[in-house]
**Q** 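Below are the C-alpha cells for one structure; questions will follow.
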Amino acid sequence: MKKRIGSVLIVLCMMICLINGRDLMAKATGKPRLNSTAVTMEAGEKYQLVVRNMPKNGKVAWSSSSKARAVVSKRGVVTAKKQGKASIQAKLTYVSGGKKRTRTFSCKITIKKKNAGNVGNAESRTSLVVYFSTPVAERSGQVDGISSASRTSRGQTYKGNTEYIAELIRKETNADIYEIVPETAYADTYDILVRKAEEEQEKNARPKIKGRIDDISKYDDIYVGYPIWFSDMPQIMYTFFDSYDLKGKNIFPFSTNGGSGLSGTAGKIEELEPEANVYKGLAIYRTDVTDSDSRVREWVKERAE
C-alpha cells in the first residue's frame, strides 16, 4: 500500500512539473558536464544550455565572451545576436568534502545569418512532411517528448503535438506525409521514456526506423518535425538523416517544445546535411499547439513566397 501511495505521489509531482512547462530531467548521474560543447545557431534563435549531473548544492554563473554576438541568461538560455562566433562559459561552484570547489565549462557558439526563406515557385515543387511523435497515453496524461505535452484534443480526437502540427502543414502544402516509427516502440510511461531518451542521447544511439520512404528523390521540399528532448532532436531523427540523401533538398524544421524553441537543431541539421538548403524553422510551445493554425499557415506562406 505504501509503495502504491509513493508511486502516485511521484506521478503527481511529475505532472505538476509538466504543467509548469519545465523540462523534466532524469536523475543526475556521473560527473557534471554541459549538454552541448558546440552549437551552430541562426541570428535570433535561442538555445538552452544545461549543466548535467550538477551537485545538489551547486550554483552556476553564466557568461558570454561576446555579448554583441550571443548573450546568455541566468538560466543558461543563449540568444544568438549576429553572425560570428562566441564562447559561453558556465562556472559551477559547489561544496564537496567540506571544501568549496569550482569547475568551468564552455560551449562554442557559431552564429549564421538569418535565412530569408525564399525558395522559389511553390506550385512547381513537390513536398513531403516527415515527423516523429512519441506515444499518446490518453488515460495517464503523459507527454509527447521530454518537454512538451503528449496530446492535444478537439472534441474527442487526440493527437501527439508534433503529429498535430505535421498535419496542419500537410493540409497547407498539399504534401505527402510520413511518420517516423521506431522498430522498438518507446514506452508511454513518462519517467521510463525520459530515462530511455537520455540514455540514447548519451550513447549517441541510432534507433532503428520501421519501414522506409519509397522514393524521397521526387520531393523538393521536406518539412521535418520532432519534439525537443534534452535540448536536442530525439536520436531517431539522426537515424533519419543518416538514412537518406537530401542533397539539394529544401529542408524546413519544425518542433514542439517546452520553452527552448528549436534549441539549435536547425544548425545541427545543416551539419548533417551540408548539401541541402536548411531554412528558418518553426517552434511551437506545447500549450499553443491547438491554437497554432494561423501561425503555421503564415510560416508555410513565407516559405512559398
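Here, residue 1 is the first one in the sequence, and each next residue gets the next number. Here the structure is a predicted model, which means the values were calculated and not measured.
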**Q** Counting C-beta onward and ignoring hydrogens, is there a side-chain heavy-atom pair between P32 and R103 closer than 4.5 Å?
**A** yes
**Q** Taking the six-membered ring where the residue is Trp, are the ring centres of F132 and Y226 under 6.0 Å apart?
**A** no
**Q** Nearest 0.5 Å please: distance from the NZ atom of K91 over to the OG atom of S63.
**A** 9.0 Å
**Q** Using the test side-chain hydrogen bond (donor to acceptor under 3.5 Å, both in side chains), find all partners of K203 that sit at least two apart in sequence or belong to another chain.
**A** E199
**Q** Rounded to the nearest 0.5 Å, what separates atom OG in S243 from atom CZ in R206?
**A** 9.5 Å
**Q** Whether D232 and K268 form a salt bridge (side-chain N of Lys/Arg under 4.0 Å from carboxylate O of Asp/Glu) is what I want to check.
**A** yes
**Q** Tell me if the CG atom of D214 is crowded by more than 12 foreign heavy atoms within 6.0 Å.
**A** no
**Q** Yes or no on ring-ring contact (aromatic ring centres under 6.0 Å, His included) for Y223 and W299, after CA distance, side-chain angles and deciding distance?
**A** CA-CA 12 Å; Y223 295 82; W299 180 69; 5.7 Å; yes
**Q** How far does CD1 of I177 sit from NZ of K171, to the nearest 0.5 angstrom?
**A** 13.0 Å
**Q** Without hydrogens or angle criteria, can the side chains of S87 and S106 be said to hold a donor-acceptor pair below 3.5 Å?
**A** no
**Q** Would you give the length of the straight line joining atom CD of E202 to atom CZ of F230, rounded to the nearest 0.5 angstrom?
**A** 8.5 Å
**Q** Rounded to the nearest 0.5 Å, how far does OG1 of T126 lie from CD1 of I222?
**A** 9.0 Å
**Q** Between W229 and Y238 (judged by ring centroids, cut-off 6.0 Å), do the two rings come close enough to count as a pair?
**A** no
**Q** Side chains of Y164 and S133: closer than 4.5 Å at any heavy-atom pair?
**A** no
**Q** Start with the C-alpha distance between I236 and I180, add both sets of side-chain angles, then the distance that settles side chain to side chain contact (heavy atoms under 4.5 Å, CB included), and finish with yes or no.
**A** CA-CA 8 Å; I236 199 167; I180 295 174; 3.9 Å; yes
**Q** Does L92 share a hydrophobic cluster with V77, counting links as ILVMFWY side-chain heavy atoms below 4.5 Å and allowing steps through other members?
**A** no
**Q** Are any of the side-chain nitrogens in D220 or K249 under 4.0 Å away from the carboxylate oxygens of its partner?
**A** no
**Q** Hey, what do you get for OG (S255) to CD1 (I228), rounding to the nearest 0.5 Å?
**A** 4.0 Å
**Q** May I have the step-by-step check of side chain to side chain contact (heavy atoms under 4.5 Å, CB included) for S73 and W62, ending in yes or no?
**A** CA-CA 7 Å; S73 73; W62 299 91; over 6 Å; no
**Q** Tell me whether K301 is salt-bridged to E172, with the criterion being a basic N under 4.0 Å from an acidic carboxylate O.
**A** no
**Q** Any non-hydrogen side-chain atom of V129 less than 4.5 Å from a side-chain atom of Y178?
**A** no
**Q** Heavy atoms, side chains only, cut-off 4.5 Å: are R297 and D293 in contact?
**A** yes
**Q** More than 12 foreign heavy atoms under 6.0 Å from CG of N204: is that the case here?
**A** yes
**Q** Step by step, work out the side chain to side chain contact (heavy atoms under 4.5 Å, CB included) result for N35 and F105.
**A** CA-CA 10 Å; N35 60 321; F105 309 94; over 6 Å; no
**Q** Indicate the atoms forming the closest heavy-atom contact of K112 with T40, along with that distance.
**A** CE-CG2, 3.7 Å
**Q** In terms of hydrophobic clusters joined by side-chain contacts under 4.5 Å, are V71 and V39 together?
**A** no
**Q** Do side-chain atoms of Y244 reach the backbone of I213 as a donor and acceptor pair under 3.5 angstrom?
**A** yes
